[in-house]
Visitor: 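Before I ask anything, here is the structure I am working with.
It should be emphasised that the depicted structure is a prediction, and the values quoted were computed from it without experimental measurement. To find a chain, count down the sequence lines: A is the first, B the second, and so on, and within it residues start at 1.
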Protein chains: 2
Amino acid sequence: MVSVDHLHHDDCTHEHHDAKAIFAEQGIRCTKPRVLIYEALCSTKSHPTAEELHQIVKDQDAGISLATIYNTLELLVDHGLARRIANRGQGSGASRYDADQAPHLHLVLNDGRVIDAPTNLSKKLTDAIPHEVLQQLAQHAGVDALKIEIVEDTAAV
Amino acid sequence: MVSVDHLHHDDCTHEHHDAKAIFAEQGIRCTKPRVLIYEALCSTKSHPTAEELHQIVKDQDAGISLATIYNTLELLVDHGLARRIANRGQGSGASRYDADQAPHLHLVLNDGRVIDAPTNLSKKLTDAIPHEVLQQLAQHAGVDALKIEIVEDTAAV
DNA sequence: TTCTACATTGAGAATGATTCTAAACCAATA
DNA sequence: TATTGGTTTAGAATCATTCTCAATGTAGAA
Ligand SMILES: [Mn+2]
Ligand SMILES: [Mn+2]
Ligand SMILES: [Zn+2]
Ligand SMILES: [Zn+2]
(Lines give C-alpha, C1' and ligand atoms only; values in the text may rest on other atoms or scores of the structure.)
(Ligands and ions follow the chains in the order given, each with its own letter.)
Protein backbone atom coordinates (compact mmCIF):
# COMPACT_ATOMS: atom_id res chain seq x y z
CA MET A 1 0.00 0.00 0.00
CA VAL A 2 1.30 3.40 -0.97
CA SER A 3 1.66 6.17 1.57
CA VAL A 4 -0.94 8.89 1.29
CA ASP A 5 1.50 11.47 2.53
CA HIS A 6 4.19 11.49 -0.12
CA LEU A 7 4.65 14.54 -2.28
CA HIS A 8 3.19 14.58 -5.73
CA HIS A 9 5.29 15.73 -8.61
CA ASP A 10 4.55 16.55 -12.21
CA ASP A 11 5.30 13.06 -13.43
CA CYS A 12 3.45 11.14 -10.75
CA THR A 13 1.35 8.53 -12.51
CA HIS A 14 -0.25 6.66 -9.62
CA GLU A 15 -2.86 9.04 -8.22
CA HIS A 16 -4.38 7.18 -5.32
CA HIS A 17 -7.93 8.10 -6.09
CA ASP A 18 -7.01 8.47 -9.72
CA ALA A 19 -7.71 12.17 -9.60
CA LYS A 20 -6.32 12.67 -13.07
CA ALA A 21 -8.60 10.03 -14.59
CA ILE A 22 -11.63 11.23 -12.64
CA PHE A 23 -11.08 14.81 -13.70
CA ALA A 24 -10.66 13.75 -17.32
CA GLU A 25 -13.86 11.75 -17.06
CA GLN A 26 -15.64 14.88 -15.87
CA GLY A 27 -14.03 17.03 -18.54
CA ILE A 28 -12.35 19.31 -16.03
CA ARG A 29 -8.71 20.33 -16.14
CA CYS A 30 -6.20 18.51 -14.00
CA THR A 31 -4.23 21.12 -12.06
CA LYS A 32 -1.89 20.75 -9.13
CA PRO A 33 -4.16 22.58 -6.67
CA ARG A 34 -7.16 20.51 -7.71
CA VAL A 35 -5.32 17.22 -7.28
CA LEU A 36 -3.98 18.25 -3.88
CA ILE A 37 -7.36 19.42 -2.64
CA TYR A 38 -9.27 16.44 -3.98
CA GLU A 39 -6.80 13.92 -2.58
CA ALA A 40 -6.77 15.66 0.79
CA LEU A 41 -10.54 15.53 0.90
CA CYS A 42 -10.63 11.88 -0.19
CA SER A 43 -8.18 10.79 2.44
CA THR A 44 -10.13 11.93 5.50
CA LYS A 45 -13.44 11.07 7.11
CA SER A 46 -13.49 14.26 9.17
CA HIS A 47 -15.59 16.47 6.87
CA PRO A 48 -13.12 19.36 6.84
CA THR A 49 -14.01 23.00 6.28
CA ALA A 50 -12.46 25.01 3.45
CA GLU A 51 -10.12 26.59 5.97
CA GLU A 52 -9.05 23.21 7.35
CA LEU A 53 -8.35 21.93 3.86
CA HIS A 54 -6.32 25.05 3.22
CA GLN A 55 -4.09 24.29 6.20
CA ILE A 56 -3.61 20.73 4.97
CA VAL A 57 -2.71 21.48 1.36
CA LYS A 58 -0.49 24.41 2.25
CA ASP A 59 1.94 21.86 3.66
CA GLN A 60 2.37 20.51 0.15
CA ASP A 61 2.15 23.76 -1.80
CA ALA A 62 2.65 26.81 0.37
CA GLY A 63 1.41 29.23 -2.28
CA ILE A 64 -2.07 27.82 -2.59
CA SER A 65 -4.85 30.33 -2.02
CA LEU A 66 -7.98 30.00 0.06
CA ALA A 67 -9.96 31.27 -2.93
CA THR A 68 -8.73 28.24 -4.86
CA ILE A 69 -10.00 25.95 -2.13
CA TYR A 70 -13.45 27.48 -2.48
CA ASN A 71 -13.29 27.41 -6.29
CA THR A 72 -12.26 23.78 -6.33
CA LEU A 73 -14.79 22.65 -3.74
CA GLU A 74 -17.58 24.28 -5.72
CA LEU A 75 -16.30 22.52 -8.83
CA LEU A 76 -16.17 19.14 -7.08
CA VAL A 77 -19.68 19.56 -5.69
CA ASP A 78 -21.05 20.61 -9.07
CA HIS A 79 -19.57 17.47 -10.62
CA GLY A 80 -20.85 15.16 -7.91
CA LEU A 81 -17.36 14.41 -6.60
CA ALA A 82 -18.05 15.92 -3.17
CA ARG A 83 -20.93 16.86 -0.90
CA ARG A 84 -21.32 20.14 0.92
CA ILE A 85 -22.80 20.09 4.40
CA ALA A 86 -24.02 23.52 5.46
CA ASN A 87 -23.55 24.65 9.03
CA ARG A 88 -26.62 24.73 11.26
CA GLY A 89 -25.32 26.17 14.52
CA GLN A 90 -25.28 29.72 15.75
CA GLY A 91 -23.95 32.52 13.64
CA SER A 92 -22.28 31.82 10.37
CA GLY A 93 -20.29 28.66 10.82
CA ALA A 94 -18.24 27.22 8.00
CA SER A 95 -19.63 24.57 5.66
CA ARG A 96 -18.03 21.14 5.66
CA TYR A 97 -17.17 18.88 2.75
CA ASP A 98 -17.10 15.14 2.09
CA ALA A 99 -15.79 13.21 -0.92
CA ASP A 100 -16.92 9.83 0.42
CA GLN A 101 -19.11 8.39 -2.34
CA ALA A 102 -20.54 5.57 -0.26
CA PRO A 103 -24.20 6.36 0.49
CA HIS A 104 -24.36 7.37 4.13
CA LEU A 105 -26.18 9.83 6.36
CA HIS A 106 -24.56 12.62 8.35
CA LEU A 107 -25.30 13.71 11.87
CA VAL A 108 -25.13 17.50 11.86
CA LEU A 109 -24.47 18.84 15.34
CA ASN A 110 -25.10 22.33 16.61
CA ASP A 111 -21.48 22.92 17.52
CA GLY A 112 -20.58 22.62 13.85
CA ARG A 113 -19.35 19.03 13.83
CA VAL A 114 -20.54 16.55 11.23
CA ILE A 115 -20.11 12.81 11.81
CA ASP A 116 -20.97 9.79 9.72
CA ALA A 117 -23.96 7.76 10.80
CA PRO A 118 -23.00 4.09 11.33
CA THR A 119 -23.81 2.07 8.21
CA ASN A 120 -26.43 -0.17 9.76
CA LEU A 121 -28.40 2.66 11.36
CA SER A 122 -27.98 4.79 8.26
CA LYS A 123 -29.59 2.01 6.21
CA LYS A 124 -32.40 1.38 8.68
CA LEU A 125 -33.40 5.01 8.58
CA THR A 126 -33.08 5.36 4.83
CA ASP A 127 -35.19 2.24 4.24
CA ALA A 128 -37.89 3.50 6.57
CA ILE A 129 -38.52 6.68 4.60
CA PRO A 130 -41.57 6.32 2.36
CA HIS A 131 -40.25 7.35 -1.02
CA GLU A 132 -43.61 8.31 -2.46
CA VAL A 133 -44.18 10.84 0.33
CA LEU A 134 -40.87 12.52 -0.47
CA GLN A 135 -41.97 12.57 -4.11
CA GLN A 136 -45.26 14.23 -3.26
CA LEU A 137 -43.52 16.79 -1.08
CA ALA A 138 -41.05 17.56 -3.87
CA GLN A 139 -43.95 18.09 -6.24
CA HIS A 140 -45.63 20.33 -3.68
CA ALA A 141 -42.45 22.41 -3.42
CA GLY A 142 -41.89 22.46 -7.16
CA VAL A 143 -38.45 20.91 -7.02
CA ASP A 144 -36.96 17.76 -8.55
CA ALA A 145 -36.07 15.89 -5.39
CA LEU A 146 -35.90 16.17 -1.63
CA LYS A 147 -33.72 14.35 0.83
CA ILE A 148 -33.61 13.74 4.57
CA GLU A 149 -31.05 15.22 6.91
CA ILE A 150 -30.39 14.41 10.55
CA VAL A 151 -29.65 17.39 12.73
CA GLU A 152 -29.27 17.92 16.44
CA ASP A 153 -32.53 18.86 18.14
CA THR A 154 -32.26 21.55 20.79
CA ALA A 155 -35.90 21.80 21.75
CA ALA A 156 -36.63 23.15 25.21
CA VAL A 157 -38.58 20.40 27.00
CA MET B 1 -62.29 39.56 15.67
CA VAL B 2 -59.77 42.25 16.42
CA SER B 3 -57.54 43.68 13.71
CA VAL B 4 -53.95 42.48 13.90
CA ASP B 5 -52.71 45.75 12.48
CA HIS B 6 -53.69 48.29 15.12
CA LEU B 7 -51.04 50.07 17.07
CA HIS B 8 -50.17 48.87 20.52
CA HIS B 9 -49.94 51.33 23.32
CA ASP B 10 -48.75 51.13 26.86
CA ASP B 11 -52.13 50.29 28.30
CA CYS B 12 -53.13 47.70 25.72
CA THR B 13 -54.41 44.68 27.58
CA HIS B 14 -55.55 42.40 24.77
CA GLU B 15 -52.33 41.12 23.19
CA HIS B 16 -53.48 38.89 20.38
CA HIS B 17 -51.01 36.13 21.01
CA ASP B 18 -50.88 37.21 24.59
CA ALA B 19 -47.28 38.23 24.20
CA LYS B 20 -47.26 39.89 27.60
CA ALA B 21 -48.53 36.75 29.35
CA ILE B 22 -46.24 34.47 27.37
CA PHE B 23 -43.22 36.60 28.18
CA ALA B 24 -44.16 36.69 31.86
CA GLU B 25 -44.56 32.91 31.81
CA GLN B 26 -41.03 32.64 30.44
CA GLY B 27 -39.65 35.15 32.92
CA ILE B 28 -38.49 37.56 30.22
CA ARG B 29 -39.19 41.27 30.18
CA CYS B 30 -42.03 42.62 28.10
CA THR B 31 -40.68 45.43 25.95
CA LYS B 32 -42.20 47.20 22.99
CA PRO B 33 -39.69 45.84 20.46
CA ARG B 34 -40.19 42.30 21.71
CA VAL B 35 -43.95 42.49 21.47
CA LEU B 36 -43.79 43.95 17.96
CA ILE B 37 -41.31 41.37 16.73
CA TYR B 38 -43.08 38.42 18.33
CA GLU B 39 -46.49 39.46 17.04
CA ALA B 40 -45.12 40.08 13.56
CA LEU B 41 -43.58 36.62 13.55
CA CYS B 42 -46.75 35.00 14.90
CA SER B 43 -48.94 36.59 12.25
CA THR B 44 -47.20 35.17 9.20
CA LYS B 45 -46.59 31.76 7.73
CA SER B 46 -43.81 32.99 5.45
CA HIS B 47 -40.79 32.17 7.64
CA PRO B 48 -39.28 35.66 7.43
CA THR B 49 -35.60 36.48 7.77
CA ALA B 50 -34.35 38.92 10.42
CA GLU B 51 -34.09 41.58 7.72
CA GLU B 52 -37.65 40.95 6.53
CA LEU B 53 -38.95 41.21 10.09
CA HIS B 54 -37.03 44.46 10.47
CA GLN B 55 -38.84 45.93 7.46
CA ILE B 56 -42.18 44.88 8.95
CA VAL B 57 -41.76 46.21 12.47
CA LYS B 58 -40.14 49.45 11.31
CA ASP B 59 -43.57 50.43 10.04
CA GLN B 60 -44.79 50.40 13.63
CA ASP B 61 -41.68 51.74 15.33
CA ALA B 62 -39.27 53.40 12.96
CA GLY B 63 -36.43 53.50 15.46
CA ILE B 64 -36.14 49.78 15.98
CA SER B 65 -32.68 48.37 15.31
CA LEU B 66 -31.70 45.30 13.33
CA ALA B 67 -29.55 44.27 16.28
CA THR B 68 -32.68 44.12 18.39
CA ILE B 69 -34.34 41.85 15.84
CA TYR B 70 -31.42 39.43 16.19
CA ASN B 71 -31.36 39.73 19.98
CA THR B 72 -35.07 39.08 20.25
CA LEU B 73 -35.10 36.18 17.80
CA GLU B 74 -32.31 34.50 19.73
CA LEU B 75 -34.30 35.03 22.92
CA LEU B 76 -37.47 33.58 21.40
CA VAL B 77 -35.62 30.55 20.06
CA ASP B 78 -33.90 29.95 23.41
CA HIS B 79 -37.30 29.98 25.12
CA GLY B 80 -38.93 27.67 22.61
CA LEU B 81 -41.21 30.41 21.27
CA ALA B 82 -39.72 30.27 17.77
CA ARG B 83 -37.72 27.98 15.52
CA ARG B 84 -34.69 28.97 13.51
CA ILE B 85 -34.25 27.43 10.08
CA ALA B 86 -30.69 27.78 8.84
CA ASN B 87 -30.04 28.51 5.20
CA ARG B 88 -28.70 25.63 3.10
CA GLY B 89 -28.07 27.24 -0.28
CA GLN B 90 -24.92 28.72 -1.71
CA GLY B 91 -22.91 31.23 0.22
CA SER B 92 -24.20 32.58 3.45
CA GLY B 93 -27.93 33.05 3.10
CA ALA B 94 -30.01 34.43 5.93
CA SER B 95 -31.68 32.18 8.47
CA ARG B 96 -35.46 32.09 8.63
CA TYR B 97 -37.73 32.04 11.66
CA ASP B 98 -41.08 30.51 12.55
CA ALA B 99 -43.26 31.00 15.64
CA ASP B 100 -45.85 28.42 14.54
CA GLN B 101 -46.05 25.98 17.45
CA ALA B 102 -48.06 23.35 15.60
CA PRO B 103 -45.77 20.39 14.90
CA HIS B 104 -44.95 20.49 11.19
CA LEU B 105 -42.04 19.81 8.88
CA HIS B 106 -40.33 22.36 6.67
CA LEU B 107 -39.18 21.97 3.12
CA VAL B 108 -35.85 23.81 2.90
CA LEU B 109 -35.08 24.78 -0.69
CA ASN B 110 -31.73 25.68 -2.15
CA ASP B 111 -32.85 29.12 -3.23
CA GLY B 112 -33.36 30.01 0.44
CA ARG B 113 -37.13 29.55 0.65
CA VAL B 114 -38.72 27.53 3.43
CA ILE B 115 -42.27 26.24 3.05
CA ASP B 116 -44.51 24.25 5.37
CA ALA B 117 -45.07 20.63 4.50
CA PRO B 118 -48.79 19.85 4.18
CA THR B 119 -50.12 18.41 7.43
CA ASN B 120 -51.03 14.98 6.09
CA LEU B 121 -47.68 14.37 4.39
CA SER B 122 -45.85 15.85 7.35
CA LYS B 123 -47.55 13.33 9.62
CA LYS B 124 -46.96 10.37 7.28
CA LEU B 125 -43.26 11.09 7.20
CA THR B 126 -42.95 11.74 10.90
CA ASP B 127 -44.79 8.53 11.76
CA ALA B 128 -42.56 6.51 9.44
CA ILE B 129 -39.35 7.48 11.25
CA PRO B 130 -38.22 4.72 13.62
CA HIS B 131 -37.77 6.55 16.89
CA GLU B 132 -35.37 4.04 18.39
CA VAL B 133 -32.98 4.49 15.48
CA LEU B 134 -32.90 8.25 16.07
CA GLN B 135 -32.23 7.50 19.73
CA GLN B 136 -29.31 5.23 18.92
CA LEU B 137 -27.88 7.80 16.51
CA ALA B 138 -28.19 10.51 19.16
CA GLN B 139 -26.35 8.28 21.61
CA HIS B 140 -23.67 7.62 18.99
CA ALA B 141 -23.25 11.36 18.49
CA GLY B 142 -23.30 12.11 22.19
CA VAL B 143 -26.24 14.50 22.02
CA ASP B 144 -29.65 14.52 23.66
CA ALA B 145 -31.84 14.32 20.60
CA LEU B 146 -31.79 14.37 16.83
CA LYS B 147 -34.48 15.39 14.37
CA ILE B 148 -35.20 14.98 10.69
CA GLU B 149 -35.10 17.79 8.17
CA ILE B 150 -36.25 17.80 4.56
CA VAL B 151 -33.98 19.66 2.18
CA GLU B 152 -33.81 20.01 -1.57
CA ASP B 153 -31.59 17.41 -3.19
CA THR B 154 -29.39 18.68 -5.98
CA ALA B 155 -27.56 15.48 -6.79
CA ALA B 156 -26.09 15.25 -10.27
CA VAL B 157 -27.86 12.33 -11.98
C1' DT C 1 -46.16 56.84 42.54
C1' DT C 2 -41.34 57.44 42.67
C1' DC C 3 -36.97 55.38 43.09
C1' DT C 4 -33.45 52.08 41.99
C1' DA C 5 -30.98 48.35 40.05
C1' DC C 6 -30.20 46.16 36.30
C1' DA C 7 -31.73 44.43 31.71
C1' DT C 8 -32.45 46.09 27.06
C1' DT C 9 -31.85 48.96 23.12
C1' DG C 10 -29.60 51.10 19.18
C1' DA C 11 -25.84 52.94 15.99
C1' DG C 12 -22.19 51.52 14.19
C1' DA C 13 -17.97 48.79 14.32
C1' DA C 14 -16.21 44.13 14.17
C1' DT C 15 -16.22 39.40 12.72
C1' DG C 16 -16.31 35.32 9.86
C1' DA C 17 -17.44 32.86 5.74
C1' DT C 18 -17.72 33.22 1.11
C1' DT C 19 -17.49 35.52 -3.35
C1' DC C 20 -15.61 38.78 -6.56
C1' DT C 21 -11.85 41.20 -9.38
C1' DA C 22 -8.43 41.37 -12.64
C1' DA C 23 -3.83 40.49 -13.77
C1' DA C 24 -0.43 36.72 -14.07
C1' DC C 25 -0.23 31.96 -15.05
C1' DC C 26 -0.71 27.37 -17.05
C1' DA C 27 -3.07 23.05 -19.21
C1' DA C 28 -4.61 21.14 -23.26
C1' DT C 29 -4.54 20.86 -28.09
C1' DA C 30 -2.62 21.23 -32.70
C1' DT D 1 6.32 25.20 -29.47
C1' DA D 2 2.60 28.53 -30.07
C1' DT D 3 -1.96 29.52 -29.04
C1' DT D 4 -6.02 30.05 -26.45
C1' DG D 5 -9.00 30.02 -22.99
C1' DG D 6 -9.50 28.17 -18.42
C1' DT D 7 -7.23 28.73 -13.67
C1' DT D 8 -4.90 30.85 -9.83
C1' DT D 9 -3.92 34.42 -6.71
C1' DA D 10 -3.99 38.44 -3.27
C1' DG D 11 -6.76 41.29 -1.69
C1' DA D 12 -11.03 43.80 -1.78
C1' DA D 13 -15.96 43.33 -1.41
C1' DT D 14 -20.17 41.35 0.33
C1' DC D 15 -23.44 39.50 3.47
C1' DA D 16 -25.27 37.75 7.74
C1' DT D 17 -24.54 37.99 12.30
C1' DT D 18 -22.41 39.43 16.64
C1' DC D 19 -20.24 42.77 19.54
C1' DT D 20 -19.61 47.36 22.08
C1' DC D 21 -21.14 50.49 25.22
C1' DA D 22 -23.61 54.65 26.25
C1' DA D 23 -28.45 55.85 26.62
C1' DT D 24 -32.84 54.16 27.82
C1' DG D 25 -36.68 51.48 29.81
C1' DT D 26 -38.64 47.80 32.86
C1' DA D 27 -39.96 45.51 37.08
C1' DG D 28 -40.05 45.50 41.64
C1' DA D 29 -39.19 47.93 46.10
C1' DA D 30 -40.27 51.52 49.03
MN1 LIG E 1 -19.36 11.45 5.56
MN1 LIG F 1 -43.56 26.68 9.38
ZN1 LIG G 1 1.24 9.75 -6.01
ZN1 LIG H 1 -53.59 45.02 21.11
Visitor: What's the angle between the local helix axes at either end of the helix from C:dT1-D:dA30 to C:dA30-D:dT1, using five pairs per end and rounding to 10 degrees?
Guide: 30°
Visitor: Just how far, in rounded Å, is P of D:dC15 from CG of B:L66?
Guide: 14 Å
Visitor: Counting only side-chain heavy atoms from C-beta out, which of D:dT9, D:dT17, D:dT8 sits nearest to A:S65?
Guide: D:dT9
Visitor: Looking at A:K147, I'd like to know if its NZ atom is crowded, meaning that more than 12 non-hydrogen atoms belonging to other residues, nucleotides or ligands lie closer than 6.0 Å.
Guide: yes
Visitor: C:dT18, C:dT9, D:dT8: which one has an atom nearest the side-chain heavy atoms of A:R84?
Guide: C:dT18
Visitor: How are the rings of B:H106 and B:H47 set relative to one another: parallel (under 30°), tilted (30 to 60°) or perpendicular (over 60°)?
Guide: perpendicular
Visitor: At under 4.0 Å between heavy atoms, how does the protein contact nucleotides 20-30 of chain C? Give one character per nucleotide, 5' to 3', with B, S or -.
Guide: B------BS--
Visitor: For A:L73 and C:dT18, what is the distance between atoms CG and P respectively, to the nearest whole Å?
Guide: 9 Å
Visitor: Can you list everything that forms a side chain to side chain contact (heavy atoms under 4.5 Å, CB included) with B:E25? Sequence neighbours excluded, please.
Guide: none
Visitor: Taking atom types as modelled, is there a side-chain donor on A:E132 or A:Q136 under 3.5 Å from an acceptor on the other?
Guide: no
Visitor: Starting at CG of B:L36 and ending at P of C:dT8, how long is that distance when rounded to a whole Å?
Guide: 16 Å
Visitor: To the nearest Å, how far apart are A:I64 CD1 and D:dT7 C1'?
Guide: 12 Å
Visitor: Return the value, rounded to whole Å, for the distance between atom CD of B:E74 and atom C1' of D:dT18.
Guide: 9 Å
Visitor: Grab the CG-P distance between A:D78 and D:dT7 for me, whole Å please.
Guide: 12 Å
Visitor: I need the B:R29 CZ to B:F23 CZ distance, nearest 0.5 Å.
Guide: 13.5 Å
Visitor: Between atom CG in B:N87 and atom P in C:dG16, what is the gap in whole Å?
Guide: 20 Å
Visitor: Grab the CD-C1' distance between B:E51 and D:dC15 for me, whole Å please.
Guide: 11 Å
Visitor: Counting only heavy atoms not in A:D144, do more than 12 fall under 6.0 Å of its CG?
Guide: no
Visitor: Do you see a donor-acceptor pair shorter than 3.5 Å between the side chains of B:R96 and B:T49?
Guide: no
Visitor: What's the separation between atom CG in A:L121 and atom CG in B:L137, rounded to the nearest 0.5 Å?
Guide: 4.5 Å
Visitor: Is the phosphate of D:dT18 approached by B:Y70 (side-chain N or O, under 4.0 Å from OP1 or OP2)?
Guide: no
Visitor: So does B:T68 get a side-chain nitrogen or oxygen closer than 4.0 Å to the phosphate oxygens (OP1/OP2) of C:dT8?
Guide: no
Visitor: Compute whether any side-chain donor of one residue and acceptor of the other, for B:Q139 and B:Q135, lie under 3.5 angstrom apart.
Guide: no
